[in-house]
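Presented below is the structure to which this report refers.
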Amino acid sequence: MEERYDPQKVELKWQRYWAEKNLFKTEADPSKKKFYCLEMFPYPSGKIHMGHVRNYAIGDVIARYKKMRGFNVIHPMGWDAFGMPAENAAIKEGVHPAKWTYENIAYMKTQLNRMGLSYDWEREVTTCSPEYYKWNQWFFLKMYEKGLAYRKSSFVNWCPSCTTVLANEQVIDDRCWRCDTLVVQKELEQWFLKITHYAEDLLRACDELKGWPEKVVLMQKNWIGKSEGLEADFRIDGTDESIRIFTTRADTLFGATFVCLAPTHTLSEKLVADKEALKKIKEQYGKEDEKIGLFTGHYAVNPVNDEKIPIYVANFVLMEYGTGAIMSVPAHDQRDFEFAKKYNLQIKVVITPEQQTNPPLPPFAKGGRGGITNSEIEAAFEDDGILIDSSSFSRLRSDVARIEIAKFLEKKRLGKRVINYKLRDWGISRQRYWGTPIPIIYCDRCGVVPVPGNDLPVILPEDVKFTGTGGSPLLESEKFLNVSCPKCKGKARRETDTMDTFVDSSWYFIAYCFGKGKINFKSEIRNPKSEIGYWMPVDQYIGGVEHAVLHLLYSRFFTKVIKDLGIMDFNEPFINLLTQGMVCKETLKCPEHGWLFPEDVKDDKCIKCGQIVERGRTEKMSKSKKNVIDPDHLINKYGSDTSRLFSLFAAPPERDLEWSDQGVDGAYRFLNRIWGIVFKFRNSEFRIRNIETENTIPQSALRNPLLRKTHQTIKRVTNDIEREYHFNTAIAALMELVNEISSFEPKTDDDWKTFRYSIEILLLLLSPFSPHIAEELWEAIGNKSSVSEQRWPVWDEKIAKEEEIELVVQVNGKVRSKLMIPATLSDDEVKQKALGEPKIKEIIGDKAIKKVFVVKGKLVNIVIGD
RNA sequence: GCCGGAGUGGCGGAAUUGGUAGACGCAAGGGACUUAAAAUCCCUCGUCCCCAAAGGGCGUGCCGGUUCGAGUCCGGCCUCCGGCACCA
């Protein structure tokens, strides 16, 4: 053994050893209890970043720990390999997306291996390979058969820069989530997956997600956005037609003073004569900055009171939600209020706050009831209250009135109670090349024809041109485009759109269950020996919170579809979810040169201009803010054991982690100290006398403080890992043990045995966090087999227990004294000890003792009078 | 605006059920070793009063409450961070 710790040498050695022994290969074994540990697979962008390091370090600790606890652990990794950056690289640099992607994968795989992660690489999946995406197409066809995949024309978010459609959730503040370009609306024929079919299931099952962070469950619930309301028919005056509206506020129906249609509503086209004006509204559709409307020239009849109210087309009414038409109640809805003000429409108050019914009705109705003019109201009153001016429903409370008015309209057959969801069907069409081809053929004679199952996969052709202008390169590929119709054998064309990459990641965790990446879902339908049945669901999923809605919701949706196909029999894919925090670092900003790298700053000054540099707040690592740490550099300098250890020690996993270069030094020092301890042991006389491992603790050493500390540490580390993976405190406990071992001077053979034993335990406990050094030192103290094949140690409560405790004595809640007492004393004895303490006697003096509280093993509080 | 979460030393963070606030680490200061430096080891380290010690006061964003006892529970506020946001 060398005196100096050389992480590069040690890590390479053990990475080779693990690979040669194929130590992390797993096979289904129904006799063993399984544990599925999964980290979100990366997009192969070129290099891993610190977010990955953290994510995968967390997952690896869990996988290694569970393995030592005796579970049959499946811990796979793969590549989310379709996506736009590959195509952008093709356009910019002329590299084919496939080449670019596979080269990135190769490099990133070496990076992951350098981290010492315990993956079973035989299960690796790559979503851009035909063997993988074939099943995207297969699922699509299955959904098509069941009516869960359909095509419709709709307005979509269009990013002019990426020349593609974006999902609603890919639009952030009206801008493209990738390139920040302002998104415009464009009408296209799109393929949709009917996730709304499962809206209620997905919502209800949220309550089963006990192992998920509450906030993520809440975000899912909000996204699904269930609301109960009423659909009501407003007849168009002078015609037989009517407008169906949706409202959650049936109690305000008497306050409706106009009706608004979405610009794309079929009736808008019918009712508006001025097509130019309508077109303008359409262009402004969904724009949040301004509400604009257009009077149709027609009137609607309010079904509750037969009042005639004007019909408008308004840009703020969404076609996608409810019925695409609303009744407007400006007195009780802020949006309607703003619209009414702008177009000078009537505002009628019908709800009044509960406490203020009598006598005045401010601030809404200064002039009493009726005849209220626009100028008298400053804002809509949106809360529930008591109904007024609502015929026989007046004086009812809002919650009651909603039901009563709904019943009334149902009886008249002019309305019905309905449930609405914010959740929309999932538009999966992308006008992009680097994705899964949608397996559909368009025939002039037969129309839309699905590709027959036996013809899968529809291969993405490689010989296409990337111009960067216009639409998808597939449009130019005659070979791909022209096909004979599967039904009539006539001339037909292929669909050229590809699928949203969220489809790929919606089932990859199931794909890992197939050994050696041989995915075959067909053989899994109603298969009692299914490997999916053994491995799924995922016991622990770990990833960034940025996927709290999209990826997780889509995966839940796919799980339900796959269950309905008879492939699996559980509802939810991920039992436990851990959303790790971001990796952040201090930022540096020069007033002239903007963000600076740390090496551009000397003595708090910018090396370019000499101006004082502002130390900005710590923010998520990003290239643009120049506060990133490159994992390659880090591992070259300190090794992966140190990198992993620090990222686990600096903060609990779910919280943001602030990167600190000195903190990394500290972690490195800690590993060096352990190295030093083992080196000391190796060179000890005891070791030389006992070449064969001596590993029994003699009876006479059972009360050794180091042995006690060792058992206390097993307990603490185990509990900290079990208690929501609090690795930071687990590592702190290991540091305490190392401090204790360092200061321990073995003299007798018993001492040496205890010394060796505590080192052995230390290495076992350390191994999930920093596995390479643990292996190396495990070997150095004389063990033959790999540390990762050992069982997790168990503590003995009797040994861990302290013989003496420090008793805190309080008087009136203030700490006045501390004394050591035997741990075995009864409450009464403890009380007497406390009262007998000279200092306490002095404080009490002749004051009356009112009460004495004894907290077992901890403290005594004596309450005295003045 | 709505819905969440969080505020603890110079810093990252501990405190598991209401029971010693500040574990562990970082930084800082002092010392040992060394020709010197690095590395390593030892000591100090919330704050105020006191020459110092002993001792004591204050202290977990702010104000109040419950309790023998509150970082932890309750009520009200402030600040910061996330998510959602014309969803009728």
Side-chain angles (χ1 to χ4, degrees), chain A residues 4 173 213-219 221-223 225-227 229-230 245-249 252 260 286-291 314-318 320-329 332-336 338-339 382 420-424 545-546 548-549 581-582 586 617-618 646 649-652 654-667 669-670 672-673 676 716 719-720 722-724 726 728-736 738-739 742-743 806-818 839 850-864:
Chain A
R4 242 181 62 85
D173 293 334
E214 269 177 66
K215 73 164 175 183
V216 175
V217 176
L218 202 75
M219 281 162 78
K221 281 185 180 172
N222 290 342
W223 193 264
K226 180 178 180 171
S227 62
L230 171 78
I245 62 97
F246 173 74
T247 180
T248 54
R249 291 299 301 272
T252 64
C260 287
K287 283 258 172 72
E288 297 221 5
D289 39 350
E290 200 189 2
K291 290 182 177 50
N315 72 326
F316 70 93
V317 178
L318 305 173
E320 293 82 5
Y321 185 74
T323 57
I326 60 166
M327 66 165 189
S328 287
V329 186
H332 304 293
D333 183 291
Q334 190 58 26
R335 295 158 298 182
D336 297 343
E338 284 164 26
F339 193 84
E382 296 185 312
N420 253 313
Y421 300 91
K422 280 193 219 171
L423 184 69
R424 317 271 168 80
V545 73
E546 64 271 21
V549 186
M582 298 181 296
E586 176 186 67
R617 39 172 227 145
T618 55
F646 174 73
F649 175 64
E654 70 280 0
R655 238 195 276 184
D656 285 353
L657 182 153
E658 193 183 321
W659 197 262
S660 146
D661 292 333
Q662 289 99 334
V664 180
D665 283 331
R669 258 197 302 269
F670 169 68
N672 271 290
R673 292 184 71 194
R716 273 183 65 187
N719 289 343
D720 284 348
E722 291 291 338
R723 178 173 57 101
E724 317 216 343
H726 279 201
N728 56 331
T729 51
I731 293 167
L734 290 178
M735 287 172 170
E736 282 186 43
V738 167
N739 290 342
S742 298
S743 55
E806 188 189 45
L807 181 75
V808 170
V809 186
Q810 296 183 330
V811 178
N812 285 351
K814 291 198 175 190
V815 178
R816 294 300 173 186
S817 182
K818 296 175 186 180
K839 205 183 148 209
K850 287 186 178 163
K851 206 165 166 123
V852 179
F853 293 85
V854 179
V855 180
K856 257 218 161 3
K858 278 191 176 149
L859 117 174
V860 172
N861 186 14
I862 301 159
V863 184
I864 59 171

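Quick note on labels: first sequence line is chain A, next is B, and so on, each numbered from 1. Note that the structure is predicted; figures quoted are calculated from it, not measured.
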Quiz item: For atom CD of A:Gln334, is the number of surrounding heavy atoms from other residues, nucleotides or ligands below 6.0 Å larger than 12?
Solution: yes

Practice problem: Report the glycosidic orientation of B:G9: syn if within 90° of 0, anti in every other case. | Solution: syn

Under a 3.5 Å cut-off for both distances, is [N] Watson-Crick or wobble paired, and to whom?
{"N": "B:U79", "value": "B:A6"}
{"N": "B:C41", "value": "B:G31"}
{"N": "B:U60", "value": "none"}
{"N": "B:G69", "value": "none"}
{"N": "B:U16", "value": "none"}
{"N": "B:G22", "value": "none"}

When all nucleic acid strands are considered with a 4.0 Å heavy-atom cut-off, which category describes [X]: base, sugar-phosphate, or nothing?
{"X": "A:Arg716", "answer": "nothing"}
{"X": "A:Lys226", "answer": "nothing"}
{"X": "A:Gly666", "answer": "sugar-phosphate"}
{"X": "A:Val545", "answer": "nothing"}
{"X": "A:Val808", "answer": "base"}
{"X": "A:Ser227", "answer": "sugar-phosphate"}
{"X": "A:Asn719", "answer": "nothing"}

Practice problem: Starting from the C-alpha separation in whole Å, work towards a yes-or-no answer on side chain to side chain contact (heavy atoms under 4.5 Å, CB included) for A:Val863 and A:Asn812. | Solution: CA-CA 5 Å; A:Val863 184; A:Asn812 285 351; 3.7 Å; yes

Heavy atoms from C-beta onward define the side chain here; which of [options] lies closest to that of [X]?
{"X": "A:Met219", "options": "B:G25, B:G83, B:G69", "result": "B:G83"}
{"X": "A:Gln662", "options": "B:C26, B:A88, B:C68", "result": "B:C26"}
{"X": "A:Phe649", "options": "B:U20, B:C68, B:C24", "result": "B:C24"}
{"X": "A:Leu218", "options": "B:G19, B:G83, B:G4", "result": "B:G4"}
{"X": "A:Arg669", "options": "B:G13, B:A27, B:A88", "result": "B:A27"}
{"X": "A:Lys422", "options": "B:C84, B:C58, B:G25", "result": "B:C84"}
{"X": "A:Arg655", "options": "B:G13, B:G19, B:A21", "result": "B:G13"}
{"X": "A:Lys858", "options": "B:G56, B:U16, B:G19", "result": "B:G19"}
{"X": "A:Glu806", "options": "B:A15, B:U20, B:A88", "result": "B:U20"}

Quiz prompt | Check: A:Arg249 side chain, A:Glu382 main-chain N or O, donor-acceptor pair, under 3.5 Å | solution =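 Checking the backbone N and O of A:Glu382 against the side chain of A:Arg249, a donor-acceptor pair under 3.5 Å is found.
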
Quiz prompt | Stacked cation flag A:Lys291 on A:Phe316, 6.0 angstrom / 45 deg | solution = yes

With respect to the phosphate group of [N], does any side-chain polar atom (N or O) of [X] fall under 4.0 Å of OP1 or OP2?
{"X": "A:Asn728", "N": "B:A14", "value": "yes"}
{"X": "A:Lys839", "N": "B:G56", "value": "yes"}
{"X": "A:Lys856", "N": "B:U17", "value": "no"}
{"X": "A:Arg816", "N": "B:G69", "value": "no"}
{"X": "A:Asn739", "N": "B:A23", "value": "no"}

Quiz prompt | Quiz item: A:Gln810 side-chain donor-acceptor pair to B:U20 base, under 3.5 Å | solution = no

Exercise. Map A:Asn420 and A:Asp656 onto RNA chain B by nearest heavy atom, then report which one ends up closer to the 5' terminus.
Key: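 In this pair, the answer is A:Asp656.
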
Practice problem: Using the side chain to side chain contact (heavy atoms under 4.5 Å, CB included) rule, take A:Leu318 and A:Arg424 through it: C-alpha gap first, then chi angles, then the decisive distance, then the call. | Solution: CA-CA 12 Å; A:Leu318 305 173; A:Arg424 317 271 168 80; 4.2 Å; yes

Quiz item: Can you tell if the side chain of A:Val809 reaches within under 4.5 Å of the side chain of A:Lys839, non-hydrogen atoms only?
Solution: no

Quiz item: Given side chains that start at C-beta, do those of A:Phe853 and A:Leu859 come closer than 4.5 Å, heavy atoms only?
Solution: no

